[in-house]
Amino acid sequence: MTDSTRKQYEEWKITSKYQTPINIENHDTIGMLALDENGDIAGACTTSGMAYKMAGRVGDSPIIGAGLFVDNEVGGATATGVGEEVIRTVGSFLIVELMRQGKSPQEACEEGVARIMKKNKGRKDFQIGFLAINKQGETGSYCVHPGFTYRKYDIEGHENVPSKSFY
Ligand code: ASP
């Protein structure tokens with residue numbers, strides 16, 4: 001910790017209120033999905049989790065199926081945001097299963113967020129972003145609130161792709 005983050009942490013400990021503000025930099029998951037020239041899919045994610053988390057908390061990123069899932073027969077998915085909500089729906093696994101059933105990566109990401117929102121009716125105080133790729137190299141993404149983007153690379157170059165959102 002730097003001196004200033006240590007000070008913020010000491011202040012936070014007075015109330016120890018566990019909350020997950022939207023689109024401020026209190027979390028930092030990086031999720032990556034790749035399709036190589038042989039058509040093989042790989043994925044990875046890394047996170048330091050939420051700032052000021054409760055003691056012993058495990059987020060979604062280290063749980064295969066929650067923060068990341070790849071099935072080389074179908075596609076891959078990865079998540080960022082409030083891990084508790086991703087774990088409750090085993091979100092990345094769900095998205096790959098939806099693609100297996102015929103949904104596009106975009107449709108599958110939208111359904112993944114819809115499942116989470118169904119369990120959180122009317123709740124607006126958290127962000128989730130999903131990213132997916134299928135065996136054909138089609139990609140999709142979707143999030144709860146605007147602000148989630150991903151960088152898409154192919155042989156022609158790369159571009160920033162803003163996600164559509166539930167709200
Ligand atoms: N998904 C991570 C977690 O819940 C947070 C993040 O997006 O970095 O731990």
Side-chain angles (χ1 to χ4, degrees), residues 1-2 4-13 15-34 41-71 75-99 105-106 108-133 139-153 158 160-167:
M1 281 185 177
T2 61
S4 97
T5 56
R6 184 176 304 282
K7 189 163 170 277
Q8 287 169 28
Y9 178 57
E10 294 299 332
E11 279 164 17
W12 173 79
K13 278 206 296 190
T15 58
S16 293
K17 188 167 179 221
Y18 183 64
Q19 60 182 13
T20 52
I22 301 162
N23 287 343
I24 72 155
E25 302 308 321
N26 78 329
H27 65 98
D28 62 355
T29 295
I30 299 168
M32 286 157 283
L33 300 168
I41 300 169
C45 70
T46 173
T47 183
S48 63
M50 296 283 180
Y52 314 139
K53 66 193 110 186
M54 61 180 79
R57 175 186 188 269
V58 177
D60 57 326
S61 301
I63 299 175
I64 293 297
L68 175 73
F69 193 71
V70 175
D71 183 328
T78 188
T80 185
V82 177
E84 283 79 351
E85 299 309 323
V86 179
I87 292 169
R88 284 174 81 196
T89 55
V90 201
S92 294
F93 178 74
L94 170 65
I95 287 170
V96 172
E97 288 307 298
L98 290 165
M99 291 193 289
Q106 183 61 37
C109 288
E110 290 183 18
E111 175 67 22
V113 169
R115 294 274 181 100
I116 289 171
M117 298 319 289
K118 208 173 156 196
K119 291 186 187 299
N120 287 281
K121 283 199 180 68
R123 204 179 141 201
K124 290 193 169 176
D125 63 346
F126 68 100
Q127 171 71 307
I128 304 274
F130 282 120
L131 175 62
I133 191 168
T139 59
S141 70
Y142 199 63
C143 52
V144 175
H145 293 277
F148 174 63
T149 65
Y150 68 97
R151 197 85 189 163
K152 184 177 174 183
Y153 285 76
H158 52 97
N160 213 39
V161 185
S163 298
K164 289 188 182 145
S165 60
F166 185 88
Y167 289 117

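Whatever order the structure lists them in is the order used to number ligands and atoms, beginning at 1. Counting begins at 1 with the first residue of the sequence.
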Notebook entry, point to check: Which heavy atom of L33 sits nearest a heavy atom of L131, and at what distance?
Noted result: CD1-O, 3.6 Å
Next item on the list: Inspect the contact between E10 and R6 and indicate whether a charged nitrogen and a carboxylate oxygen are less than 4.0 angstrom apart.
Entry: no
Check: Which of the numbered atoms in ligand 1 are below 4.0 angstrom from a heavy atom of G59?
Finding: 9 (O)
Check: After noting the C-alpha distance and the side-chain angles of E84 and R57, does the key distance pass the salt bridge (charged side-chain N to carboxylate O under 4.0 Å, His left out) rule?
Finding: CA-CA 9 Å; E84 283 79 351; R57 175 186 188 269; 2.8 Å; yes
Next item on the list: Have a look at ligand 1 and work out which part of E84, if any, has a heavy atom under 4.0 Å from it: side chain, backbone, both or neither.
Entry: neither
Note to self: Do T80 and I128 make a side-chain contact, defined as non-hydrogen atoms from C-beta onward lying under 4.5 Å apart?
What the structure shows: no
Next item on the list: May I ask whether G81 has any heavy atom positioned less than 4.0 angstrom from an atom of ligand 1?
Entry: yes
Margin query: Show the atoms of ligand 1 that are less than 4.0 angstrom away from any heavy atom in R57.
Written below: 3 (C), 4 (O), 9 (O)
Next item on the list: Please work out whether any backbone atom (N, CA, C, O) or any side-chain heavy atom from C-beta onward of T29 is under 4.0 Å from ligand 1, and answer side chain, backbone, both or neither.
Entry: both
Next item on the list: Number the atoms of ligand 1 from 1 as they appear, then name those within less than 4.0 Å of a heavy atom of D60, with their elements.
Entry: 1 (N), 2 (C), 3 (C), 4 (O)
Notebook entry, point to check: So, does Y142 use its side chain to make a donor-acceptor pair with the main chain of C109 at under 3.5 Å?
Noted result: no
